[in-house]
Amino acid sequence: MAQLQQPAHPENCVAQDEVQDQLVAGLLAPHAHVSPKYLYDVLGSRLFAAICELPEYYPTRTEAAIFEQNAGAIAAALGPDATLIDLGAGNCSKAARLFPSLRPKQYVAIDISEKFLREAVSALQQQFPKIKMTSLGMDFSSELELPAAVGAQRRQFFYPGSSIGNFAPLESLKFLHNIRKSIAGSEGGLLIGIDLVKDKAVLDAAYDDALGVTAAFNLNLLNHVNRLLEADFQPQQWRHRAFYNEAQHRIEMHLEARQDLVVHWQDGGMRRFAQGESIHTESSYKYTEQGFIDLLQQAGFGKVQTWSDERNWFMVCHARIA
Ligand code: AVI
């Protein structure tokens, strides 16, 4: 599993009952929904890695090029001797690419899947023996209490991949606020990747690719829910739908019933879905440059520096504490 990019296996760290209660509540809501975190079981994480290779899915390669082309300026913005705190580190590859220019004093990798993370960090430690490395298994989306092992000075949080887009705007503000509060000293900041608003056709294609990899990624959520809830979803009865909602500035991913059907789950739970009815599985918010800077400032950050590609499709942003 060398390509994990997102928190995987939510059942590893949240009580099983809580997971099941959340899933049932979402499935029984008038507009059924399932949290996007359930897209990431083992197969889902691999399918997401494949999405990142697709010609239509521009964010990964565009962000990587921005980091590469601006490595010196980004390192200068973060400053020397940083404690680099990687949120959703996965295989740690994105942070590792910053090490030669940034030379952090400490690297703290955080992800839900701690076992996988520990293996990635110990491999990286061999390559960069001078950087102190720590791995932490935690769900950073809800809390950011960092242990004493994390250096308090020059904390630079790292949240690439436009993952913040998967939070609704109010959750994003709360999350940014939690990061701001966790920057203990007077120096520190946040380095973050943001997907920008652009032509609808480009966005629609990025989330509904010709090979159907994103469709498989979305449909695989049903298999994951079947395991978590002893449910009997049949993926072939569902269709992937993804489109850019211009009014809400977000991609929406849904699973739409191809026919009238009934789904059952443990303890006698069930729901009928009429043909065309859908389950909302993910939103991916897109920002304007100014819109995201305003959000950072509302969350208490100060000076912001940005770097973008020539098409202005993606932005890397460094925000200092005020
Ligand atoms: C992880 N996240 C930033 C991806 C996105 O673009 O919102 C997840 C994804 N969903 C479908 N394709 C990619």
Side-chain angles (χ1 to χ4, degrees), residues 1 3-10 33-64 66-67 86-91 93-94 110-113 139-141 158-169 171-172 175-176 191-200 202-222 224 238-245 248-256 278-287 292 309 313-317:
M1 245 200 332
Q3 291 293 323
L4 267 182
Q5 309 258 344
Q6 272 279 302
H9 319 308
H33 55 89
V34 172
S35 164
K37 66 186 170 190
Y38 299 108
L39 292 163
Y40 300 93
D41 62 353
V42 173
L43 179 58
S45 298
R46 288 184 174 153
L47 287 167
F48 178 63
I51 287 173
C52 294
E53 307 277 327
L54 292 170
E56 297 94 332
Y57 193 74
Y58 60 85
T60 313
R61 77 181 68 87
T62 309
E63 183 186 54
I66 296 171
F67 278 126
D86 189 355
L87 301 174
N91 65 6
S93 62
K94 288 189 181 180
I110 303 182
D111 211 315
I112 279 185
S113 178
D139 181 359
F140 58 86
S141 64
F158 181 48
Y159 198 45
S162 69
S163 297
I164 197 164
N166 298 131
F167 293 127
E171 291 169 349
S172 300
F175 177 66
L176 291 173
L191 183 65
I192 187 165
I194 301 299
D195 197 12
L196 297 173
V197 168
K198 62 185 65 61
D199 195 68
K200 178 170 163 56
V202 174
L203 286 164
D204 285 346
Y207 291 82
D208 194 7
D209 59 281
L211 292 182
V213 181
T214 311
F217 174 65
N218 197 8
L219 288 160
N220 177 61
L221 171 138
L222 298 176
H224 193 192
W238 298 81
R239 170 183 293 130
H240 167 67
R241 282 266 181 259
F243 55 87
Y244 184 55
N245 178 332
Q248 302 272 354
H249 290 197
R250 69 184 191 200
I251 286 282
E252 292 180 17
M253 285 211 318
H254 299 265
L255 289 165
E256 186 184 287
S278 64
I279 306 174
H280 189 162
T281 52
E282 187 183 60
S283 292
S284 189
Y285 284 83
K286 310 301 168 192
Y287 289 89
F292 193 72
D309 55 293
W313 279 8
F314 200 93
M315 165 173 87
V316 169
C317 212

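In listed order, ligands and their atoms are each counted from 1. Residue indices begin at 1 and follow the sequence shown.
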For Gly165 and ligand 1, answer yes if some heavy atom of the residue is under 4.0 Å from a ligand atom, otherwise no. no
Residue portion contacting ligand 1 (non-hydrogen atoms closer than 4.0 Å) for Tyr285: neither
Looking at ligand 1, does any of its N/O atoms fall within less than 3.5 Å of an N/O of Tyr57? yes
Within-cut-off N or O pair, Tyr207 and ligand 1, under 3.5 Å: yes
Decide whether an N or O pair under 3.5 Å exists between Asn166 and ligand 1. yes
So, using salt bridge (charged side-chain N to carboxylate O under 4.0 Å, His left out) as the criterion, who are the partners of Arg239 when residues are at least two apart? Glu256
Please report the interatomic distance CG(Leu87) to CZ(Phe140), rounded to the nearest 0.5 Å. 5.5 Å
Only heavy atoms of Gly161, strictly under 4.0 Å: list the atoms of ligand 1 that pass. 3 (C)
Mind checking whether Ile251 contacts ligand 1 via backbone (N, CA, C, O), side chain (CB onward), both or neither, at a 4.0 Å heavy-atom cut-off? neither
Taking the inter-plane angle between the rings of Phe167 and Phe175 on a 0 to 90° scale, is it parallel (under 30°), tilted (30 to 60°) or perpendicular (over 60°)? tilted
Look only at interatomic distance and state if Glu282 has a nitrogen or oxygen under 3.5 Å from any nitrogen or oxygen of ligand 1. yes
Do Lys286 and Tyr244 have side chains that get closer than 4.5 Å, going by heavy atoms? yes
Number the atoms of ligand 1 from 1 as they appear, then name those within less than 4.0 Å of a heavy atom of Ser162, with their elements. 3 (C)
From the options Ala206, Pro36, Ser284, Cys52, select the one whose nearest heavy atom is closest to atom 7 (O) of ligand 1. Ser284
If the cut-off is 4.0 Å to any non-hydrogen atom of Tyr40, which atoms of ligand 1 fall inside it? 1 (C), 8 (C)
Closest heavy-atom contact between Leu39 and Asn218? CD2-CA, 3.9 Å
Just wondering, do Leu176 and Ile164 contact through their side chains at under 4.5 Å, heavy atoms? yes
What is the ring orientation for His280 with His254, classed by angle as parallel under 30°, tilted 30 to 60°, or perpendicular over 60°? tilted
Those residues at least two apart in sequence (or on a different chain) that pass side chain to side chain donor-acceptor pair (under 3.5 Å) with Asp86 are Tyr107
Does Pro59 have a non-hydrogen atom less than 4.0 Å from ligand 1? no
Ligand-residue contact atoms, ligand 1 with Phe217, heavy atoms, under 4.0 Å: 10 (N), 11 (C)
Tyr57 and Phe48 aromatic ring geometry - parallel, tilted or perpendicular at 30°/60° bounds: perpendicular
